[in-house]
Amino acid sequence: MKQSMLVFSLLVCMGTLKGFGIGNKDASRKGPADQGPAIAVFIPGVMSGSPIYELLAKGVRQAAEEKSGPQGTVSVTVIEGGFNQAEWEGRITALAASGRYELIVSSNPSLPAIASSVSAKFPQQRFLLLDGELAGNPRIYTVRYKQREQAYMAGHIAALVALEAAPEGMQARRIGLVAGQEYPAMNEVILPGYREGAQHADPDCTVDFRVLGNWFDAGKAAELAADMIRGGAAVILCVAGGANEGVVQAAFEAGAKVVWFDTNGYGVRPGTVVGSAVLYQDKAAYEQTIRFLEGTLPFGSAEVLGVAEGYVDFIEADPNYQASVSAPIREKQRRLLEQIRSGALHIGD
Ligand code: RBF
């Protein structure tokens with residue numbers, strides 16, 4: 001009796017795995033027979049206030065819901081890794097060592113190196129990593145975004161708004177960028193892309209770049225932003241996670257403007273946020289999780305997605321954008337976007 005029960009549950013397990021198409025799995029790693037695959041979403045930081053992480057969890061959850069049904073439930077566990085980056089590898093190692101998750105999903109440029117190191121110790125563990133790049137590890141699949149395009153669009157709108165706000169004849173136009181920390185994608189892609197986009201709109205525009213040193217201190221971010229505004233920055237792009245709200249508050253108080261990154265931020269402070277250069281990370285997370293559950297995610301490869309592929313964009317269709325940005329600026333921004341979307345303007349990687 002006991003043995004036939006065991007055989008029965010093994011068969012159900014195998015059926016479940018087959019139904020999800022994720023194939024060559026070790027059935028002993030499964031939970032109860034009615035359970036489908038288990039996915040861990042590791043947030044390198046905290047979710048609240050970090051648009052890119054909110055989108056990640058949303059996309060994975062949506063895929064899991066869609067793929068749950070009579071054949072089993074896909075479970076999603078979201079784990080916040082906190083702001084101590086030295087602890088992330090240990091936390092991910094523990095997730096892999098538990099053997100509970102068919103897939104660990106995460107997002108940020110530092111994750112591929114961490115996952116590689118964990119992968120060497122737990123070679124059965126598979127990873128889906130967004131906002132990072134690594135090819136050649138047969139257990140890791142990555143998606144990176146063309147953030148030079150995203151930053152270029154942000155810089156273009158920022159410079160146009162700063163130019164319009166500048167007093168007649170004023171020579172030195174300035175915009176700002178507040179980053180949570182310095183990292184290669186920031187220093188080599190986002191900052192230069194922002195500057196290039198700005199100078200496309202106004203060749204005399206300069207960028208005041210400041211680094212906060214963390215992804216949460218809104219008070220310090222507000223002080224930084226206020227100082228930048230006093231120094232002449234009329235528009236500031238914020239890429240500082242939970243600290244972004246400090247930048248918005250300082251800009252609001254001083255009558256300056258903000259450009260938002262990753263999600264549609266016009267509603268954060270209508271009239272102060274004048275641009276939203278976004279990533280469709282929810283869409284990427286959803287699609288890649290679906291591919292994993294269907295057994296078609298090509299582990300070992302690295303994809304790079306931008307405007308042409310439909311994962312990087314600038315939001316124009318928002319009443320707050322239309323209300324807070326003048327028609328001539330919106331027209332110039334529209335023309336730039338058209339050039340990027342059509343491929344007439346190639347921004348590179
Ligand atoms: N972006 C956030 O919005 N919140 C974070 O907590 C955060 N932490 C990061 C930690 C590291 C080590 C690195 C390299 C990047 C981090 N980012 C964070 C930036 C994120 O990867 C991305 O560049 C920005 O969200 C812009 O798309």
Side-chain angles (χ1 to χ4, degrees), residues 41-59 78-92 105-115 117 129-134 142-155 177-194 197 209-218 220-221 236-248 258-265 268 275-285 304-307 311-315 349:
V41 178
F42 181 82
I43 304 292
V46 304
M47 204 147 73
S48 170
S50 286
I52 198 160
Y53 297 154
E54 290 167 355
L55 296 174
L56 176 75
K58 180 178 163 212
V78 177
I79 297 120
E80 290 188 322
F83 290 115
N84 184 349
Q85 295 172 11
E87 287 178 2
W88 293 350
E89 183 164 340
R91 302 285 301 271
I92 295 173
V105 186
S106 193
S107 158
N108 135 356
S110 73
L111 260 295
I114 293 174
S117 161
L129 304 177
L130 305 182
D131 184 27
E133 187 168 16
L134 176 79
T142 64
V143 168
R144 177 171 69 77
Y145 304 101
K146 292 182 184 166
Q147 290 200 294
R148 189 174 285 264
E149 295 180 336
Q150 185 190 8
Y152 196 100
M153 298 186 292
L177 167 52
V178 175
Q181 71 183 91
E182 290 193 90
Y183 50 103
M186 175 54 66
N187 293 358
E188 293 159 24
V189 179
I190 297 175
L191 173 59
Y194 183 62
F209 174 59
R210 308 279 184 107
V211 180
L212 187 60
N214 64 62
W215 297 90
F216 54 84
D217 192 343
K220 189 176 166 202
I236 299 175
L237 169 67
C238 51
V239 187
N244 287 342
E245 66 178 78
V247 177
V248 173
V258 167
V259 174
W260 199 254
F261 219 52
D262 296 342
T263 49
N264 181 340
V268 172
S276 292
V278 302
L279 295 176
Y280 294 123
Q281 158 126 313
D282 48 347
K283 181 176 167 215
V304 182
L305 304 171
V307 169
Y311 294 84
V312 175
D313 206 356
F314 181 89
I315 308 287
D349 245 344

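Counting convention: from 1, in listed order, for ligands and their atoms alike.
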Selection from Leu130, Asp131, Thr263, Leu111 by shortest heavy-atom distance to atom 22 (C) of ligand 1:
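Looking at heavy atoms only, the winner is Asp131.
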Just go through Tyr183, Tyr145, Phe216 and tell me whose heavy atom is the nearest to atom 23 (O) of ligand 1.
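Among Tyr183, Tyr145, Phe216, the closest heavy atom to atom 23 (O) of ligand 1 comes from Tyr183.
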Strictly below 4.0 Å, N to O, side chains only: are Lys58 and Asp282 in salt-bridge contact?
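Asp282 and Lys58: salt-bridged.
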Is the closest side-chain donor-acceptor distance between [X] and [Y] under 3.5 Å?
X: Tyr53; Y: Asn108; value: yes
X: Gln85; Y: Ser110; value: no
X: Gln281; Y: Tyr145; value: yes

Show the atoms of ligand 1 that are less than 4.0 angstrom away from any heavy atom in [X].
X: Val239; result: 24 (C), 26 (C)
X: Ile52; result: 3 (O), 25 (O), 27 (O)
X: Gln147; result: 26 (C), 27 (O)
X: Gln85; result: 10 (C), 12 (C)

[atom] - nearest protein heavy atom and its distance:
atom: atom 26 (C) of ligand 1; value: Asp262 OD2, 3.4 Å
atom: atom 11 (C) of ligand 1; value: Asn108 ND2, 3.2 Å
atom: atom 1 (N) of ligand 1; value: Trp215 CZ3, 3.4 Å

Of Leu130, Asp349, Asp131, Leu305, the residue whose pairing with Arg144 passes side chain to side chain contact (heavy atoms under 4.5 Å, CB included)
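Testing Arg144 for a side chain to side chain contact (heavy atoms under 4.5 Å, CB included) against Leu130, Asp349, Asp131, Leu305 leaves exactly one candidate, Asp349.
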Could you tell me if the ring centre of Tyr152 sits under 6.0 Å from that of Tyr194?
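Between Tyr194 and Tyr152, which both carry aromatic rings, the centre distance is not below 6.0 Å.
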May I ask you to identify, for [X], whether its side chain, its backbone, both or neither come under 4.0 Å of ligand 1 on a heavy-atom basis?
X: Met186; result: neither
X: Tyr53; result: side chain
X: Phe261; result: side chain

Measure the acute angle between the ring planes of Phe83 and Phe216, then classify it against the limits of 30° and 60° as parallel, tilted or perpendicular.
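Tilted.
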Proximity flag Gly180 to ligand 1, non-hydrogen atoms under 4.0 Å:
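Under 4.0 Å: no for Gly180.
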Would you call Trp260 and Val268 a side-chain contact if the rule is heavy atoms closer than 4.5 Å?
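Answer yes - side chains close enough.
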Please check whether Ser50 reaches ligand 1 - meaning an N/O of the residue sits under 3.5 Å from an N/O of the ligand, judged on distance alone.
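Yes, Ser50 has an N/O under 3.5 Å of an N/O on ligand 1.
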